[in-house]
> 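I have a structure here, written as structure tokens, and I will follow up with some questions on it.
Labels below follow one simple rule: chain letters A, B, ... track the order of the sequence lines, proteins then strands, and each chain is numbered from 1.
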Protein chains: 2
Amino acid sequence: MNQSSNCDPLSMGRRSEHTRRQLSDLILQAAEQLIVDHGLAGLSARAIARDIGYTPGTIYLLFANLDDVILHVNARTLDALYAYIKAAIAKERSPLRQLMQAARAYVEFARTHPNRWRACFEHRLPVDVAGPDDIDVRIQQLIDLIMAPLADVSQTEGAALDAAAQALWSGVHGICILTLTHKLQMVGGREIEHLTDNLVRHYLVGLAASDASTDSMGP
Amino acid sequence: MNQSSNCDPLSMGRRSEHTRRQLSDLILQAAEQLIVDHGLAGLSARAIARDIGYTPGTIYLLFANLDDVILHVNARTLDALYAYIKAAIAKERSPLRQLMQAARAYVEFARTHPNRWRACFEHRLPVDVAGPDDIDVRIQQLIDLIMAPLADVSQTEGAALDAAAQALWSGVHGICILTLTHKLQMVGGREIEHLTDNLVRHYLVGLAASDASTDSMGP
DNA sequence: AGTAACAAATGAACGGCGTTCAATGCCATC
DNA sequence: GATGGCATTGAACGCCGTTCATTTGTTACT
């Protein structure tokens, strides 16, 4: 009656040379490699299938559609980005340096993995699903990473702190986007790191100055 | 021998109900409308042809390919954006207010024409043509718009001024991107305008403060 | 051993895409 | 009227995402 035997339920498949989990990983790895090599535009179900030695239909046994695959790849990328920034922050002690290093880590990740990074933000879902999916949650987690040091540096809290974190993070993001897509003419030796430092430093100075003059009335 | 007659060379066409120029405009208008209605993903040669009453092949008599069409639509969009920001700046006198209004105009344009605006930055060319095309030139013109007031406010010039303009403009751009793509959780009543004001104001304060402490030694 | 049951995987098919190009149709001219 | 020649067509190619009836291989039970 019951299917309990000495073989685990995961290997119940008939022709399966791979567990569902293994196959799922294969697909995601192949998809990620295609994105790395040729960008989001280079991703196709047929290309994935070719690379893993299956047919396109197999992908649809494990994922709802290609968007679903992309979402999973992007989730992995954002996890890696999260870990990278977290490590960068952990290396520093002073909140100010933590913020600077976080920004630099973000930029460096985007520059090291341009196609994976861009896929996270270029991928446009169909009109549906306004609800915050996995991706949006992960992006919020990225922003949360800088909340603590930003609170220290700016002496703000609550909504003002949230706003500052979002503004700062968006700003760095904008620099990455425009630089990676070559929309900014980088004349001379000015590099993306300089722009990032410029933005973060001046923003933080201004933020601290504004707080000092409005929030705290002084001791 | 020569084709000179009482009819202008533009109407030499045989079955043509439209001048090449008219037909080109028809195509661009239809393409723009498709982008407005359904985003870049909603654009296709067949859809354009259907809307203007021609066949897909006709498009290729006037444009090299669909990318070429998109490039032209984007150029128009950036021209409109340029005019919009320029008008916003012209309404103000003080450089600081000019910068704030320029940022707000940018945001407002992106919010009013989200699909057209996004098309300018989502469109990814094939690996070729690194050379600065029309689009990049127009983006540089946008940045140039804020150079004069920024020079006033910041008391900087040369490379430092360029860097400040790029950093500030990229920051506002990043806010637009993340907001329009709903990657930022906009909790409470915080809106994109508040974020923009926040970024611009604090950045400018910090920029001016840094200049005062480094560049000019003070009278 | 034989067989029934069943899941894994296939591959053909559908409609749509960008793009090309020989063939067609229309017009101005001779 | 015949002719030359360009504007336009529409069929075709090879790609795409996605679906699903069919096949195939494995297990479980007789």
Side-chain angles (χ1 to χ4, degrees), chain A residues 1-24 26-27 30-31 34-35 38-71 73 123-126 128, chain B residues 1-24 26-27 30-31 34-35 38-71 73 123-126 128:
Chain A
M1 283 296 188
N2 54 13
Q3 69 283 15
S4 68
S5 76
N6 52 0
C7 78
D8 52 0
L10 286 175
S11 66
M12 280 185 355
R14 297 303 115 80
R15 195 187 318 178
S16 57
E17 301 155 356
H18 300 104
T19 303
R20 314 276 290 201
R21 178 60 197 267
Q22 286 176 326
L23 194 45
S24 173
L26 271 181
I27 292 172
L34 283 166
I35 290 175
H38 310 101
L40 253 191
L43 187 73
S44 78
R46 286 175 162 89
I48 295 173
R50 201 181 309 125
D51 287 358
I52 65 174
Y54 281 80
T55 54
T58 302
I59 297 172
Y60 292 84
L61 300 175
L62 294 156
F63 297 91
N65 47 45
L66 258 206
D67 278 345
D68 192 20
V69 175
I70 297 173
L71 248 38
V73 172
H123 179 233
R124 191 175 186 175
L125 286 178
D128 53 14
Chain B
M1 286 297 187
N2 53 14
Q3 71 284 17
S4 67
S5 75
N6 52 0
C7 77
D8 51 1
L10 288 174
S11 64
M12 280 189 350
R14 294 304 114 79
R15 196 190 315 178
S16 58
E17 300 154 359
H18 300 103
T19 302
R20 311 277 290 208
R21 177 59 197 267
Q22 285 176 328
L23 194 44
S24 172
L26 271 180
I27 291 171
L34 284 166
I35 289 175
H38 309 102
L40 252 191
L43 186 72
S44 78
R46 286 174 163 88
I48 295 173
R50 202 181 307 125
D51 289 356
I52 65 174
Y54 280 80
T55 53
T58 302
I59 297 172
Y60 292 83
L61 299 174
L62 294 155
F63 297 91
N65 46 45
L66 258 207
D67 278 344
D68 192 21
V69 175
I70 297 174
L71 247 38
V73 172
H123 179 235
R124 190 175 187 177
L125 286 178
D128 53 14

> Name the closest nucleotide to the Tyr60(A) side chain, picking from dT18(D), dA9(C), dG18(C).
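Of the candidates, dT18(D) comes closest.
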
> Rounded to whole angstroms, how far apart are CZ on Phe63(B) and P on dG18(C)?
15 Å

> If every non-hydrogen atom of Arg20(A) is compared with every non-hydrogen atom of Leu61(A), which pair is closest and at what distance?
NH2-O, 3.6 Å

> Could you measure the distance from the CG atom of Leu26(A) to the CD1 atom of Ile59(A)? Nearest 0.5 Å is fine.
11.0 Å

> Identify the two heavy atoms, one from Pro56(A) and one from Ala49(A), that lie closest to each other, and give their separation to 0.1 Å.
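Residues Pro56(A) and Ala49(A), closest heavy atoms: N-CB, 3.4 Å.
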
> Not counting sequence neighbours, which residues clear side-chain contact (heavy atoms from CB on, under 4.5 Å) with Leu34(A)? List them please.
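Checked Leu34(A) against side-chain contact (heavy atoms from CB on, under 4.5 Å); matches are His38(A), Leu43(A), Ala47(A), Ile48(A), Asp51(A).
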
> What is the separation between atom NE2 on His18(B) and atom C1' on dA7(D), rounded to the nearest whole Å?
13 Å

> Holding to side-chain contact (heavy atoms from CB on, under 4.5 Å), I want the full list of residues that pass it with Asp67(A), two or more places apart in sequence or in another chain.
Asn65(A), Ile70(A), His123(A), Leu125(A), Pro126(A)

> Can you check the Ile59(B) CD1 to dT19(C) P distance for me, whole Å?
10 Å

> If you pin Gly57(A) and Ala47(A) to their nearest nucleotides in DNA chain D, which one's is more 5'?
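Its nucleotide being nearer the 5' end, the pick is Ala47(A).
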
> Which heavy atom in Val73(A) sits nearest to a heavy atom in Ala31(A), and how many Å separate them?
CG2-CB, 3.9 Å

> So what is the end-to-end bend of the helix from dA1(C)-dT30(D) to dC30(C)-dG1(D), with 5 pairs used at each end and the value given to 10 degrees?
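It works out to 30° between the end axes.
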
> Where the side chain of Thr55(A) is concerned, which of dT10(C), dT19(C), dC17(C) is the nearest nucleotide?
dT10(C)

> Could you tell me how far apart Arg50(A) (CZ) and dG11(C) (P) are, to the nearest whole angstrom?
15 Å

> Indicate, with a heavy-atom threshold strictly under 4.0 Å, whether Leu23(A) touches base, sugar-phosphate, or nothing.
sugar-phosphate

> Measuring to OP1 and OP2 of dT9(D), would you say a side-chain N or O of Tyr54(B) lies under 4.0 angstrom away?
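No.
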
> For Ile27(B) versus Ile52(B), what's the shortest heavy-atom pair and its separation?
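Reported closest heavy-atom pair: CG1-CD1, 3.7 Å.
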
> Using whole Å, what does the distance between atom P of nucleotide dA7(D) and atom CD of Gln22(B) come to?
14 Å

> Nearest of dA8(C), dA7(D), dT10(C) to any side-chain atom of Arg20(B)?
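Selected nucleotide: dA7(D).
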
> Rounding to a whole Å, what distance do you find between Asn65(A):CG and dC16(D):C1'?
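Rounded to whole Å, this separation is 14 Å.
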
> Indicate the atoms forming the closest heavy-atom contact of Leu23(B) with Tyr54(B), along with that distance.
CD1-CE1, 3.6 Å

> What nucleic acid atoms does Thr58(B) come within less than 4.0 Å of, heavy atoms only: base, sugar-phosphate, or nothing?
base

> May I ask you to say what Ile48(A) touches in the nucleic acid, namely base, sugar-phosphate or nothing, with a heavy-atom cut-off under 4.0 Å?
nothing

> Assign Leu62(A) to base, sugar-phosphate, or nothing according to its heavy-atom contacts below 4.0 angstrom with the strands shown.
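Touches nothing.
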
> Once you round it to whole Å, what is the distance between P of dC17(C) and NE2 of His38(B)?
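So the NE2-P distance, His38(B) to dC17(C), works out to 12 Å.
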
> Tell me whether the side-chain N or O atoms of Arg46(A) pair up with the base of dG17(D) as donor and acceptor below 3.5 Å, since no angle test is needed here.
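Looking at the base of dG17(D), it does pair with a donor or acceptor on the side chain of Arg46(A) (distance under 3.5 Å).
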
> Tell me: CG of Leu61(B) to C1' of dT24(C), nearest whole Å?
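Taking atom C1' of dT24(C) as the reference, CG of Leu61(B) is at 14 Å.
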
> From the set dT19(C), dA8(C), dT18(D), return the single nucleotide nearest to any side-chain atom of Pro56(A).
dT18(D)

